[in-house]
*Asks:* 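Here's a structure for you.
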Amino acid sequence: MSRNTSQRKMIMRVLAGAGFLAGIASVPAAAQETVQVMDKGDVAWMMIATILVLFMIVPGLALFYGGLVRTKNMLSVLMQCTMIAAMVMVIWVVYGYSMAFGGGTGAYWGGLGKVFLAGVTPDSMAATFTDGVVIPEYLFIAFQMTFAAITPALIVGAFAERIKFSAVMLFSALWVTVVYFPVAHMVWDASGLIFNIGALDFAGGTVVHINAGIAALIGALMIGPRIGYGRDMMAPHSMTLTLVGAGILWVGWFGFNAGSNLEANGGATLAMINTFTATAGAILAWAGLEAVLRGKASMLGAASGMISGLVAVTPAAGSIGPVGAIVLGAIASGVCYYFVAVVKARFDYDDSLDVFGIHGIGGIVGAIGTGIFTSPALGGMGGEDFSIASQVVIQAKAVGITVIWCAIGSAVLFKLVDLVLGLRVDVEAERLGLDVSSHGESAYHS
Amino acid sequence: MSRNTSQRKMIMRVLAGAGFLAGIASVPAAAQETVQVMDKGDVAWMMIATILVLFMIVPGLALFYGGLVRTKNMLSVLMQCTMIAAMVMVIWVVYGYSMAFGGGTGAYWGGLGKVFLAGVTPDSMAATFTDGVVIPEYLFIAFQMTFAAITPALIVGAFAERIKFSAVMLFSALWVTVVYFPVAHMVWDASGLIFNIGALDFAGGTVVHINAGIAALIGALMIGPRIGYGRDMMAPHSMTLTLVGAGILWVGWFGFNAGSNLEANGGATLAMINTFTATAGAILAWAGLEAVLRGKASMLGAASGMISGLVAVTPAAGSIGPVGAIVLGAIASGVCYYFVAVVKARFDYDDSLDVFGIHGIGGIVGAIGTGIFTSPALGGMGGEDFSIASQVVIQAKAVGITVIWCAIGSAVLFKLVDLVLGLRVDVEAERLGLDVSSHGESAYHS
Amino acid sequence: MSRNTSQRKMIMRVLAGAGFLAGIASVPAAAQETVQVMDKGDVAWMMIATILVLFMIVPGLALFYGGLVRTKNMLSVLMQCTMIAAMVMVIWVVYGYSMAFGGGTGAYWGGLGKVFLAGVTPDSMAATFTDGVVIPEYLFIAFQMTFAAITPALIVGAFAERIKFSAVMLFSALWVTVVYFPVAHMVWDASGLIFNIGALDFAGGTVVHINAGIAALIGALMIGPRIGYGRDMMAPHSMTLTLVGAGILWVGWFGFNAGSNLEANGGATLAMINTFTATAGAILAWAGLEAVLRGKASMLGAASGMISGLVAVTPAAGSIGPVGAIVLGAIASGVCYYFVAVVKARFDYDDSLDVFGIHGIGGIVGAIGTGIFTSPALGGMGGEDFSIASQVVIQAKAVGITVIWCAIGSAVLFKLVDLVLGLRVDVEAERLGLDVSSHGESAYHS
Amino acid sequence: MKYIIAAIKPYKLDEVRDALTAIGVRGMMVSEVKGFGSQSGHTEIYRGAEYAVNFVPKLKVEIAVPEALADDVVDAIRKVAKTNKIGDGKIFVLDLQEALRVRTGETGEDAL
Amino acid sequence: MKYIIAAIKPYKLDEVRDALTAIGVRGMMVSEVKGFGSQSGHTEIYRGAEYAVNFVPKLKVEIAVPEALADDVVDAIRKVAKTNKIGDGKIFVLDLQEALRVRTGETGEDAL
Amino acid sequence: MKYIIAAIKPYKLDEVRDALTAIGVRGMMVSEVKGFGSQSGHTEIYRGAEYAVNFVPKLKVEIAVPEALADDVVDAIRKVAKTNKIGDGKIFVLDLQEALRVRTGETGEDAL
Ligand SMILES: Nc1ncnc2c1ncn2[C@@H]1O[C@H](COP(=O)(O)OP(=O)(O)O)[C@@H](O)[C@H]1O
Ligand SMILES: Nc1ncnc2c1ncn2[C@@H]1O[C@H](COP(=O)(O)OP(=O)(O)O)[C@@H](O)[C@H]1O
Ligand SMILES: Nc1ncnc2c1ncn2[C@@H]1O[C@H](COP(=O)(O)OP(=O)(O)O)[C@@H](O)[C@H]1O
């Protein structure tokens, strides 16, 4: 069991990692021939990684977002995150897993072979990056389920404080079906379109963050700004909760990134240290820029930098080095800062919690940056023949496909939901706040 | 190490699981003969499972409950949860572990052979479900300690905002001694009364939830309602904290449920996925019912559904399938909703935070449901000869014994504590709030 | 893989543990000869332990401290914890790891052989306590990085609510360089000064807690009290957040203590159970003392006891027994209580959040207590020839060296920073609160 | 017209409101205040730091009423707010010169 | 001098402040109040427990003004705070006998 | 009788209370207000969004006093609240027509 992986093997692993589910369909067949080993250390690690991603959703993301809205809309945000996650978990079991990883060999989806998790038992195993090393398929299903559950919840930040609760639920159900499951298949399945162009996406930069960011932008544009946007005080009702949420997101993100390695080995620890250093670099960069440009470093800046860095390192975590990660994080953070504080102000849309500005922009910087910092010349794990130029082109293609698929899909779905249910609550309800008007509750009493 | 567990083995494992400590007493003897293997993957998993259950207590449960009380009683709830947990941990080391799992072969308790953890060293091993697979006994002790610590803390929700601090401490110390340790022995030890009737209780549905729920009901009845109950505004002071607490409970519950498998293998991953899907089903059910019946889905409803689902899947997690879990969660959630929103209002008691309505009722539905959904016809892991009818009868018996033992024990103890210390604070102290009157502090200042 | 560690081996392990990195430098050489085994169970455990220590910093420590300050300074505390952690992580990668564990054989530092983590790859392995058992070096680096990141963040409690943000950043950068890295090398490296006198410090009682406590005391003395100290109401703005932070610290501390074992085996589970029982004993002791002496047990008392117990058991976790841990925790808690509630009031300094009173005093009691409770006569894991008297002398020496090094270093650095930047904000800024004056934000809006 | 300001115990609010609407009062404003008076506060200790909390939480109720209703209002509050325990509160009556309802522009007693 | 007390809708505060400074008002105090009036509240349900929230959040604005400015102030608030929806608020005018600026010791209209 | 309303800097509350009890005041009400005046506020930025916070936190102290004590009260507050920095606050004196202590039914100056 002593390790002797060469750098060359490492980059191959990473490439394999991008489509780590490749092996599942063939497992039953392959099982006849090779010995499959399930290591309890891997199982222990992947269980905790799965739990960590749930922790990111409730209470992590819920608090990060919730703290940023006004008191009167707090519960609506918590509710949306919770309900979307629960709904997508049920959908995942019913047909989502099958659409993404059902064993079908189409370029766009995995077929319906595993609806209702047909045929999966506690003995079913799923392949990892390493030949012959497997983990229980239930565990793989659960781990991937948490990714599917968090992604639509990320989007809600774009139209917080004004969307109808029924609309957000219907949109999310449609969106995971039309956008998320196909893109997950395209990126991570061996038969998937984007996988086959050779894109690197270790832990879901395209599938999760760019996807969510683009849908958020479309949503913000189509739903329109909040009443009083740009005039009324709309400062975060609790920066404390936002920091708590951001901290939980950081903690949980190790499940995301180091968990995407599927095994508890040196590769996972590389993803882990990168998830530390990229984030640290990004925090310092955002706060540093503010200190220089505004004279004051803000806590929301530090938290925003934190998330930018985490987003950017997501696709890169398994293939870059820890010093490269500091630089990648810092760059992504700077770009997001510039976008959120300068560019956004020039346009007239209200992406209330900057989902596009941080997840979309940060995700794109991360995807491109992965093509750069994986280079061994920059301390990355790429092989000797790694070419930054050609990998960047591939990464850009992956981004392009995701953006187009997601933008069109999301626009159609928002329109559809608008026709069926209407997207916005009425003016009185928005003034009163969604907590009371949509849920009949208030967040705080004395 | 490749897995070849058949369904038949699975259900046997489950049955064994219900009394997973069966092996401990015989370990020293058995050690002579069979090879015992400690896998570091199991140790890693069980350590984290143990930590997760602590996380459920502080800050999980403390916040879930604390958010639901009025500001002036916030600290009293946090304090009760913290102090009960600390006290029970010490009691556990002194005589609790021995009473529950001390190696004695009585039907009701484990004797005093392991008071002060006599004879346990870092080399002592405890059996798991699988022959020859062991984990350090200190780990087993710590894991079970967290169960003992959280159970009496669950009860305090019933009489929050009016009980004397000294009374709650004395009651808890007596209650774990007279109710919890014996019931734990009865359910989980191979010599235990309930174990020997063949009841399935994977992670403590009877021992933890029904037990706590019944004690809570008795407590609420004997202590009487809060001043102003049914007239004054008693809305939760922070629904935000309640959701944070609920989210942490969900996250931590994987330690509870998947941890009860004692090994990091396919069985644990089944318990894990069920703990996701049952909860998701339950959240959707409660919120859905509210949406239909009241016109508005509430966040407290979603959180309440979350806990109902978690309670219901606790005994079932290791033996039902993930789709069955969705259904079980949804049913339990619906029943709890009906109880809390309709039935309870007809009676005149003040179970302030619905401990009985959620843990008691949810626990009973889960116990019975385990007898149903374990059936292979419903996707469960039961063997071919599994009979729903006969298993349900066994489950009902287990519930019955627990309810009777707990109800009588709790009633006597409440009476006793009332005579010795008095159960309630005086009217002025209750008006002023327990934080200032009992602890000399206020939760919030500016 | 069956365990047969004798008590004698255990204490040797502990001694080795105190300098657990001893092996790293020689690994490349040794690798030629002995077979190195990386167990995925260890990797899984150490990854989660590392994540848990991050969780202690944000949001754990940030909330524990943040809850204790006034509303107007909340964000400054959250910001300081976050920024210090991020900055130290970058410094760690750049030169910190090398200074502490760079392979150099000086008594005071590890040299510059590993600046920018030179030479470390995902295949590099670091030694554990057990011969031939290794973990990925990236993992060891990340684990130790979290220790380096939390220690300076602990100090900020001493001068909260009045320090300049730039000053705290500069001080922290200098302090880890001049104090933390050298002391870490001295205590944990095989060539280190304190290691070689035979001191027991399982998880960093000297390096982390005494170090932070002493720096805090110096800081509080040099910066002076807050405006209105002793006259104005300065009660915690949210005891709720303080308890949440304390709970997270407890949860995360298992990463600290059981993680310091570097392997997921019986030794880690001993450290785990001690981290439960010492803390439980300490909680009961502080609250009990308050109940007796003041008539009311306070929640802040319980939380303070919790931290005191955790601090005290840190050096001792791997070598004492669980009953001894209860006693050690209770004693440390009592001493800290006496110091904070009685002794401190006699002096005229403002250690705002009692960093010295809890981490400094608790750390010293723990260091000495480790020399006592490790004795097999008191249930500890020391060998038959363990002598309390001689070990206590060694422990006292270790404390003495740390105190002197840290006190001098800290005093010089505070003076330096005062000259360069000034330590305090001006009176108007302090009155207005650091959130608005230093960061341009407010923690709460409606 | 009169402008009546009353300090009451917080848990008496619902009763006071009911009593006032019963006699024809159609509007009021309520705010949380820290009251100082003969009723003593309490002490809080945070670790070593002891703080005397001299203020007691009260609600301040403000009601603009027509001249004719003023005495009834004072009586109604007095009856309902009274518990005979120290800290029951006080009622102050000021002269109100003009009142105006923003929505309609009504003035004087019509505005109340 | 007059002491003017107005209850307004919370989101109107910035407009009211601007309107008042425009006509020469140089100071005011604003506080959050629970308003009771013709505008009805809402119902909240927590599990089985239903609570009628009879009070509506309002802001109370207090302004001490010179005699000459009083009518303008009332007019300004009225114009800006009006939305023609129920609950727009009310304005009350009391007589102010004396005013003093702590910093300078100025009294009377100079102090406003 | 007089009804005195003062806006003060928050950290001056304890001193003001002590000064008032020293001259015989036996009750008061304190509430948190947002003050607007010559003292300027500050700016807060949240990511790209900049908000001018024009209001400054102040405490409003309300004291009903016997006629004879009114001037002393004004003087006492003035002395203690003064820091000579902008934003020290203001004191307003209104006429109080009637006062009543709920617990005892005492009226007039006895009620204060
Ligand atoms: N002179 C006063 N001016 C303003 N408010 C007062 C005055 N005296 C009392 N109050 C208010 O009335 C409340 C009750 O008064 P207190 O003296 O405590 O009780 P009691 O009226 O029963 O003697 C106080 O908390 C305070 O809010
Ligand atoms: N008599 C009154 N005394 C004091 N405040 C009042 C009075 N009547 C109304 N208010 C205040 O004015 C607000 C608006 O009054 P309301 O009756 O709801 O609407 P409208 O003025 O449009 O009829 C109330 O919420 C309350 O704060
Ligand atoms: N005309 C006014 N009406 C009501 N309150 C006022 C008025 N002018 C000032 N205040 C209150 O007094 C406080 C201090 O006033 P400000 O003009 O800032 O300082 P200064 O009195 O030192 O000139 C304000 O914040 C406000 O709360």
Side-chain angles (χ1 to χ4, degrees), chain C residues 64 67-70 157 161 225-226 228-239 242-243 246 286-287 289-291 293-308 333 336-358 361, chain D residues 3-17 20-21 25-64 83-90 92 100-103:
Chain C
F64 180 67
L68 291 174
V69 301
R70 287 166 291 175
E161 309 202 289
R226 289 164 288 180
Y229 178 63
R231 188 191 66 221
D232 295 358
M233 173 64 130
M234 292 183 171
H237 93 282
S238 175
M239 294 282 295
T242 292
L243 193 266
W286 193 303
L289 280 170
E290 284 186 342
L293 301 177
R294 283 181 187 174
K296 281 175 187 165
S298 75
M299 204 218 70
L300 183 55
S304 305
M306 194 186 287
I307 307 304
S308 313
S333 183
C336 290
Y337 171 75
Y338 182 74
F339 187 86
V340 163
V342 182
V343 178
K344 185 187 164 196
R346 301 219 190 108
F347 296 92
D348 207 32
Y349 69 97
D350 177 15
D351 174 6
S352 311
L353 313 182
D354 292 313
V355 185
F356 176 68
I358 292 182
I361 300 288
Chain D
Y3 197 82
I4 299 176
I5 302 176
I8 61 168
K9 290 189 164 162
Y11 70 91
K12 284 290 184 185
L13 177 62
D14 285 340
E15 284 176 68
V16 166
R17 195 202 56 226
L20 292 180
T21 47
V25 168
R26 295 211 305 278
M28 68 187 82
M29 289 185 278
V30 180
S31 47
E32 293 174 8
V33 298
K34 303 197 276 185
F36 180 78
S38 2
Q39 186 188 4
S40 56
H42 61 269
T43 298
E44 297 181 6
I45 312 186
Y46 296 91
R47 287 185 188 145
E50 198 167 329
Y51 301 108
V53 177
N54 296 300
F55 293 93
V56 180
K58 299 280 169 196
L59 291 182
K60 179 172 72 165
V61 184
E62 290 165 84
I63 321 135
T83 68
N84 290 320
K85 299 244 175 61
I86 208 161
D88 274 352
K90 305 207 174 166
F92 305 114
L100 177 139
R101 184 191 303 267
V102 171
R103 174 167 48 95

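All chains are named by letter (A, B, ...) in the order of the sequence lines, taking the proteins before the strands, and each is independently numbered beginning at 1. Keep in mind that the numbers below use all heavy atoms, side chains included, and drop hydrogens, waters and symmetry copies.
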*Asks:* Measure the CG-CD distance between C:Leu300 and D:Glu44 for me, rounded to the nearest 0.5 Å.
*Replies:* 11.5 Å

*Asks:* Can you find a pair of side-chain heavy atoms, one from D:Ile45 and one from C:Glu290, that are under 4.5 Å apart?
*Replies:*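 Result no, sub-4.5 Å side-chain heavy-atom pair not found.
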
*Asks:* Heavy-atom pairs under 4.5 Å with chain D: which of C:Gly230, C:Ser298, C:Ser304 has the most?
*Replies:*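 So the answer, after comparing C:Gly230, C:Ser298, C:Ser304, is C:Ser304.
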
*Asks:* What's the spacing between C:Phe339 CZ and D:Arg47 CZ if we round to 0.5 Å?
*Replies:*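 If we round to the nearest 0.5 Å, C:Phe339:CZ and D:Arg47:CZ are 12.5 Å apart.
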
*Asks:* Using every non-hydrogen atom in the two residues, find where D:Tyr46 and C:Ala235 come nearest and quote the distance to one decimal.
*Replies:*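 The answer is CE1-CB, 3.7 Å.
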
*Asks:* Counting only heavy atoms from other residues, nucleotides and ligands, does the tally under 6.0 Å from OH of C:Tyr229 exceed 12?
*Replies:* yes

*Asks:* Quick one: which of C:Met234, C:Lys344, C:Lys296 has the most heavy-atom pairs under 4.5 Å with chain D, could you say?
*Replies:* C:Met234

*Asks:* Side chain from CB out, backbone as N, CA, C, O: work out which of these in C:Met239 comes under 4.5 Å of a heavy atom of chain D, or both, or neither.
*Replies:*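 Side chain of C:Met239 only, per the 4.5 Å heavy-atom cut-off to chain D.
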
*Asks:* Mind checking the CZ-CD spacing from C:Arg294 to D:Glu50? Nearest 0.5 Å is all I need.
*Replies:*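 Interatomic distance, C:Arg294 CZ to D:Glu50 CD, rounded to 0.5 Å: 7.5 Å.
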
*Asks:* Count the heavy atoms belonging to other residues, nucleotides or ligands that lie under 6.0 Å from CD of D:Glu32, then report whether that count exceeds 12.
*Replies:*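 Incorrect, the count does not exceed 12.
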
*Asks:* With a 4.5 angstrom heavy-atom cut-off, is it the side chain or the backbone of C:Ala345 that approaches chain D, or both, or neither?
*Replies:* neither

*Asks:* Answer with side chain, backbone, both or neither: which region of C:Asp354 has an atom nearer than 4.5 Å to a non-hydrogen atom of chain D?
*Replies:* both

